[in-house]
Number of protein chains: 2
Amino acid sequence: MTRLPETTISRLTIYRRYIKSILKKGKPLVTSEKLGRKMHFKPSQIRRDLSYIGQFGRRGKGYYVRKLCRGLDKTLGLDREWQVALVGAGNLGRSLSAYPGFRRHGFEVSVIFDNSPAKIGKTWLGVEVLDIKQMPKVIKERKIKIAIIAVPYSSAQQVADILIRSGVKAILNFAPYKVAVPEGLKLKNIDLSTELQSLSCFLTK
Amino acid sequence: MTRLPETTISRLTIYRRYIKSILKKGKPLVTSEKLGRKMHFKPSQIRRDLSYIGQFGRRGKGYYVRKLCRGLDKTLGLDREWQVALVGAGNLGRSLSAYPGFRRHGFEVSVIFDNSPAKIGKTWLGVEVLDIKQMPKVIKERKIKIAIIAVPYSSAQQVADILIRSGVKAILNFAPYKVAVPEGLKLKNIDLSTELQSLSCFLTK
DNA sequence: TAGATTGTTAATCGATTAACAATC
DNA sequence: TAGATTGTTAATCGATTAACAATC
């Protein structure tokens with residue numbers, strides 16, 4: 001099978017959210033035309049995206065909602081709970097750990113790391129804040145595979161290196177630094193300043 | 001001039017950050033080869049991106065750091081201060097308003113709107129929290145052009161509609177909802193759950 | 001069967017990369 | 001001049017969209 005384009009994966013998560021909502025309503029079938037109308041995507045794009053991950057429909061009828069739902073869960077790995085380590089207990093880090101959308105989708109920030117003595121040993125909304133020095137040990141023990149980096153620019157790469165050595169396989173990086181990771185790991189960057197700057201670029205035209 | 005691809009704009013903000021740092025060091029020239037090496041981009045991509053917005057170099061020599069810096073500031077609209085309105089004083093909203101990276105790049109969250117009586121009238125880190133009902137008036141008076149939406153899924157479109165009617169031209173949307181905006185406005189979406197889900201998709205392969 | 005809609009192929013579009021002519 | 005590097009053109013790559021054959 002050919003690999004899923006990143007853009008397709010993003011859309012799959014959106015399809016999944018909407019399809020969950022119609023699953024509740026009990027309709028057994030839904031067409032790509034209706035999905036497109038509701039979510040503002042082209043039906044042909046939806047069919048193309050879904051065809052990457054399986055066959056969930058019947059020609060002339062539509063997609064089986066239940067089957068499609070299961071397929072999306074499976075592909076996206078959302079039929080299970082994921083433990084997430086968060087590095088950086090600053091403003092951004094703390095609020096990310098409190099973000100309800102994560103838990104709702106099966107991601108549990110189960111440990112926070114920081115290097116500030118003022119923060120180490122405290123808990124934040126029930127989650128312990130540990131010394132960054134304990135990171136390799138704790139991450140290995142708990143077999144954590146996903147981490148969020150919310151530390152300043154200057155320590156992002158260093159933190160990433162430790163995470164990688166500890167066995168983390170996927171990183172969501174909020175530091176505005178292009179972290180280097182080896183083959184076989186997944187890195188996603190969210191750079192809040194860049195997003196705002198692209199708005200200001202637009203306004204400047 | 002042809003329009004700038006969104007991907008190019010994102011990279012320009014990164015180039016700008018690095019070029020600011022070498023401006024401080026005083027070197028008058030820098031080559032695309034060196035920029036590429038430092039920022040992990042292909043030199044040809046950097047030259048292509050920069051050529052969209054002007055000519056900043058001398059063949060055989062490199063780019064003039066100072067000139068390039070000014071060009072990037074100008075294109076990105078970062079030679080000025082931008083006032084930003086934030087809608088939603090929940091966990092995410094409050095921490096976004098506190099995010100130091102915004103101010104550092106010339107974005108000032110100068111007003112927060114919410115609909116919760118418990119929050120209205122308070123201040124958060126020196127910024128007033130106003131009733132969402134006052135949004136049209138305040139945004140028009142202050143001529144605010146950029147807004148951040150950090151409200152729940154269910155009210156995102158409604159909030160966006162009010163913002164647009166009030167004269168906002170560019171929106172950064174954190175609600176996991178595909179907000180519809182008219183032509184001529186700019187919308188950027190940041191969906192934190194989607195990002196984590198794409199990591200989990202990767203781990204599932 | 002006729003109408004509908006998937007699943008897939010082919011055409012289009014846009015962005016990245018390589019190549020190189022211009023020129024310092 | 002010879003060597004270096006920009007700025008630009010052309011080739012490549014990948015994603016989106018339209019078209020349609022398969023089939024319910």
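Chain letters run A, B, ... following the sequence lines, proteins first and then strands; every chain starts at 1.
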Length of the NZ-P vector between B:K67 and C:dC24, whole Å = 12 Å
Report the distance from atom CG of A:L4 to atom C1' of D:dG14, rounded to the nearest whole Å.
-> 14 Å
OP1, OP2 of C:dG14 versus side-chain N and O of B:R3: anything below 4.0 Å?
-> no
Hey, can you pull the donor-acceptor pairs under 3.5 Å for the side chains in residues 173-183 of chain A, sequence neighbours left out?
unit_1	atom_1	unit_2	atom_2	d
A:N173	OD1	A:A175	N	3.0
A:N173	ND2	A:A175	O	3.1
A:N173	ND2	A:Y177	O	3.0
A:N173	ND2	A:N189	OD1	2.9
A:K178	NZ	B:H40	O	2.7

Expressed in angstrom and rounded to an integer, what is the separation of B:Y52 atom OH from D:dT9 atom C1'?
-> 12 Å
Qualifying residues under side chain to side chain donor-acceptor pair (under 3.5 Å), relative to B:Q45, sequence neighbours excluded | none
ring-ring contact (aromatic ring centres under 6.0 Å, His included) involving A:F41 - partner list, sequence neighbours excluded | A:Y15
Is A:R103 reaching over with its side chain to a backbone N or O of A:E108, donor-acceptor style, under 3.5 angstrom?
-> no
B:F102 vs B:I148 side-chain heavy atoms within contact, under 4.5 Å | yes
Quickly work out the B:I9 CD1 to C:dA15 P distance and round it to whole Å.
-> 10 Å
Would you call A:K20 and A:D73 a salt bridge, using N to O less than 4.0 angstrom?
-> yes
Set of side-chain contact (heavy atoms from CB on, under 4.5 Å) partners for B:F202, sequence neighbours left out | A:K186, B:K205
Could you say whether A:Y64 or A:D49 is positioned toward the 5' end of DNA chain D, judged by the nucleotide with the nearest heavy atom to each?
-> A:D49
Rounded to whole Å, CD of A:Q45 lies from C1' of C:dA10 at a distance of 17 Å
If a protein heavy atom is under 4.0 Å from the base, mark B; if only from the sugar-phosphate, S; if neither, -; do that for nucleotides 2-8 of chain C going 5' to 3'.
-> --BBBBB
For B:E128 and B:S110, which heavy atoms make the closest approach, and how far apart are they?
-> OE2-O, 4.2 Å
How many Å lie between NZ on B:K42 and P on C:dA15, as a whole number?
-> 17 Å
Whenever both distances are under 3.5 Å in a Watson-Crick or G-U wobble pair, mark it; put DNA chain D into dot-bracket that way, with [ ] for crossing pairs and | when the partner is on another strand.
-> ..||||||||||||||||||||||
Step-by-step side-chain contact (heavy atoms from CB on, under 4.5 Å) determination, B:T75 to B:L4 = CA-CA 10 Å; B:T75 300; B:L4 285 180; 3.9 Å; yes
Provide, to the nearest angstrom, the distance between the CD1 atom belonging to A:I46 and the C1' atom belonging to D:dT16.
-> 13 Å
